[in-house]
Trainee: 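I have a structure I would like to understand better, so I am pasting it below and will then ask my questions one at a time.
Numbering of ligands and ligand atoms starts at 1, following listing order.
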Amino acid sequence: MTLFGVKVPHRKNTKDKKPLRMSAPSLMYYPASQHIGAPGKPVVKVGDTVNVGSLLFESGGFVGSPIYSSVSGKVKKIEDMLQSNGSYVPCVVVENDGENVIDPSVKAPNVNDYDSFINAVKASGVVGLGGAGFPTAVKLGVGDVSRIEIVVINGAECEPYITSDTRTMLDRSEDISEGIHLLRKYLGVEKVVIGIEKNKPECIEEMKRIAGQHEGVVEVKPLPSIYPQGGEKVLVYNATGRVIGEGKLPIDAGVIVINCTTLACIASYIRDGMPLVEKCVTVDGSAVKEPQNVIVPIGTPASAVFDFCGGFKEEPGKVLYGGPMMGVSVSDLNAPVIKQTNALIAFNEKDAMPKKTTPCIRCGRCTNTCPFGLAPVSFAKAYEQNDMEMLEKLRANLCMECGCCAYACPAGIPLVQKNKLAKAALAAYLKKKKEENK
Ligand code: SF4
Ligand code: SF4
C-alpha cells in the first residue's frame, strides 16, 4: 500500500536552470527566528562591525540554532520584525559594505567523534532546509545511535514550482555523498534510503551514481509523484514501509529523515567551516519575468531577489514564501529570505484569485485525499460549535496542514485555514486539561 495525497500540476519550470548567484543589496535583515523553536539571542549591538560568517544570534534554547551574517559591514539597527505567525522578534539590520570580508572564526571544525560531530552540526546553523526548519543538531542528537536503523534522505520535492532540492541533487551530489559518509562514520548508520519521486529521473540517476560510492549501504527509492510525498510520515512509510505512530517521531520507528540540501550543507560546513549564510531559492510564478533558481545571501529582501529575476511582468496579486500548497503569503516584499525559504512565488491577479466558495456538498473528497484519512469538514463543524472533545476524538492535532483537502474540495472551502484554527483551539484545550489534571 502507498499513502496517497493528491496529484498536483508539477510546473517545475526551473528544473533545468542551474542556480545563479546574486550579490547582497545594501541593507540586510536577519530576524531572530528562522527555525522551529526558541528565537536566537542577539550577540551584536548597533555600530558593531560584522563579517561574512560572524555570529549575530546565539541559539536561544535546546531547540534553537545560531544565525550568522551573510555580508560584511556594520550593524545599523536592531528593530522588531513582525513574523507570519503574528509575533514580533528582534531583527538585526546590517549595512553591507560590499567587501565580503570573511570572519576569522570561519574555519573547518575539528570533528573526530559523535559529540564533536553533533556540536559541529549545531554550530553550522543548519536547520531543516526543505522548509520545515527544525534544528538539525537536535534531530541528529539522539544520544543512543543504536536507535537509528535507517536514515531516509528526502529528495521528494513535491510542491509545484519548487526545484531547489532538485538542483542540490544534480549540482551538489558529491556534498550529499560526503554527508552520507559523515552519518556512517559518526552515527554508525548502516542503511540509507534516498526517496525521490519518479518524475525526477535525472535526480534518481545521479543519486544512484552516488549510491555506488557506499558499498550497498544506500538504496535509491523511486516514489509515486504525488503531493505530499515529501511529508515526513508519508515519506517514511512509502520509502521504508515503517509507520510513525500517532504522537511519535520517526526515531521511534528507528528512522531519521534528513532533507538532501540539509545534508549537503552539513558536509560543506564540516569541510570549510562556513556556516549557513546562503540559500538556493526557486523564483517562479505567473507574475515573474525570468523564473530562475538563485543562490541568495540569507537576509536579502524578497524585492531584491525578484529584481534579480528581471522584476515582475505583471502586478503580483499574491506573493508566497514557499510553494502554493504550504507557502505563506506575504504582503511586504521587504521581508527577507531566511534559512527556511526554498521558494519565492509571485502570481498575477488572475492566478491569485481565490476559488469561489459554495456550500459543502458532502462529497467526502477531503477525507479521501487526506494522507491520514482525517475528516477536515468535521473539524470545521466541531470548531464552530466549540466542541473540543469532538475535535480531540477527530484527532485534529494530527493535521499537518498539507492542503490536500482544500485542493480537492469542489466547493472551494478554505479547509486549511479552518484546520489551523481548530488545531490551535484544541492545543489550548489540551494544555488546560493537562494543567488541571496535574
Ligand atoms: S486534514 Fe490536514 S493533513 Fe489532512 S489533507 Fe487536510 S491539511 Fe492535509
Ligand atoms: S471536499 Fe469540500 S464539499 Fe466535499 S465533503 Fe469535503 S468540505 Fe464538503
Side-chain angles (χ1 to χ4, degrees), residues 1-9 36 84-85 128 130-134 154 156-160 162 197 223-239 243-250 253 257 320-329 353-385 387-430:
M1 193 188 107
T2 302
L3 272 186
F4 276 105
V6 287
K7 280 198 179 292
V8 292
I36 290 176
S84 59
N85 64 5
F134 189 79
N154 193 349
E157 196 167 39
C158 53
E159 278 241 22
I162 308 177
E197 305 105 309
L223 301 169
S225 308
I226 51 136
Y227 174 86
Q229 188 59 264
E232 206 163 63
K233 287 184 177 176
V234 178
L235 177 69
V236 167
Y237 182 75
N238 288 342
V243 175
I244 302 170
E246 193 173 326
K248 301 283 184 194
L249 295 169
V257 180
L320 293 171
Y321 272 57
M325 300 299 283
M326 289 192 79
V328 177
S329 172
M353 199 82 84
K355 273 198 236 170
K356 195 167 167 256
T357 304
T358 53
C360 173
I361 55 168
R362 303 271 159 203
C363 65
R365 282 189 208 170
C366 47
T367 296
N368 293 342
T369 53
C370 175
F372 305 147
L374 301 173
V377 68
S378 306
F379 300 167
K381 196 171 163 209
Y383 174 71
E384 277 153 22
Q385 294 173 346
D387 188 347
M388 295 299 135
E389 282 175 15
M390 180 54 80
L391 274 183
E392 191 178 2
K393 211 163 146 191
L394 292 165
R395 297 177 302 156
N397 56 312
L398 294 187
C399 170
M400 60 175 163
E401 300 169 20
C402 67
C404 290
C405 50
Y407 181 81
C409 176
I413 297 172
L415 291 164
V416 182
Q417 283 92 323
K418 288 176 187 268
N419 294 352
K420 284 184 184 179
L421 292 170
K423 275 177 67 182
L426 177 60
Y429 165 78
L430 292 175

Trainee: Between Q229 and P224, is there a donor-acceptor pair closer than 3.5 Å when you use the side chain of the first and the backbone of the second?
Mentor: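 Side chain of Q229 to backbone of P224, a donor-acceptor pair under 3.5 Å: yes, one is there.
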Trainee: So which heavy atom on P324 is nearest to which on E159, and how close?
Mentor: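 Residues P324 and E159, closest heavy atoms: N-OE1, 3.0 Å.
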Trainee: Among all protein heavy atoms in this structure, tell me which lies nearest to atom 3 (S) of ligand 2, with the distance rounded to 0.1 Å.
Mentor: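 Answer, as residue, atom name and distance: I361 N, 3.4 Å.
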Trainee: Find all atoms of ligand 1 within a distance of less than 4.0 Å from any non-hydrogen atom belonging to N419, and give their numbers and elements.
Mentor: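 Every atom of ligand 1 under 4.0 Å from some heavy atom of N419: 1 (S), 2 (Fe), 6 (Fe), 7 (S).
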Trainee: With distance as the sole test, does S329 use its side chain to make a donor-acceptor pair with the main-chain N or O of L320 at under 3.5 Å?
Mentor: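 The answer is no, because no donor-acceptor pair under 3.5 Å joins these two groups.
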Trainee: Look at atom 2 (Fe) of ligand 2 and say which protein heavy atom is nearest, naming residue and atom and giving the distance to 0.1 Å.
Mentor: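 It is C409 SG, 2.4 Å.
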Trainee: With rounding to the nearest 0.5 angstrom, report the CG to CG distance, L426 to L391.
Mentor: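 It comes to 5.5 Å.
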Trainee: Which protein heavy atom lies closest to atom 8 (Fe) of ligand 1, and at what distance to 0.1 Å?
Mentor: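 Answer, as residue, atom name and distance: C402 SG, 2.4 Å.
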Trainee: Which residue supplies the protein heavy atom nearest to atom 4 (Fe) of ligand 1, what is that atom called, and how far is it?
Mentor: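 The closest heavy atom on the protein side is C370 SG, 2.4 Å.
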Trainee: Starting at OH of Y407, measure out to NZ of K355 and round the result to the nearest 0.5 Å.
Mentor: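 So the gap between those two atoms works out to 8.0 Å.
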Trainee: Among C360, G364, C366, which one has a heavy atom closest to atom 1 (S) of ligand 2?
Mentor: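 Nearest option to atom 1 (S) of ligand 2, by heavy atoms: C366.
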Trainee: Is the backbone N or O of I413 less than 3.5 Å from a side-chain atom of T357, with the two atoms forming a donor-acceptor pair by type?
Mentor: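 Checking the backbone N and O of I413 against the side chain of T357, no donor-acceptor pair under 3.5 Å is found.
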Trainee: If you have a sec, work out which protein heavy atom is nearest atom 6 (Fe) of ligand 1 and how many Å separate them, to one decimal?
Mentor: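 The protein heavy atom lying closest is C405 SG, 2.3 Å.
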Trainee: May I ask you to identify, for T369, whether its side chain, its backbone, both or neither come under 4.0 Å of ligand 1 on a heavy-atom basis?
Mentor: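 Near ligand 1, T369 shows nothing, with every heavy atom at 4.0 Å or more.
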Trainee: Is the closest heavy-atom distance from L415 to ligand 1 below 4.0 Å?
Mentor: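 For ligand 1, residue contact (heavy atoms, under 4.0 Å) with L415 is absent.
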Trainee: Against heavy atoms of G403, which atoms of ligand 1 measure under 4.0 Å?
Mentor: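 Counting atoms of ligand 1 from 1, those under 4.0 Å from G403 are 7 (S), 8 (Fe).
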Trainee: Between E197 and E157 (side chain of the first, backbone of the second, donor and acceptor by atom type, cut-off under 3.5 Å), is there such a pair?
Mentor: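 Looks like yes, one N/O pair under 3.5 Å.
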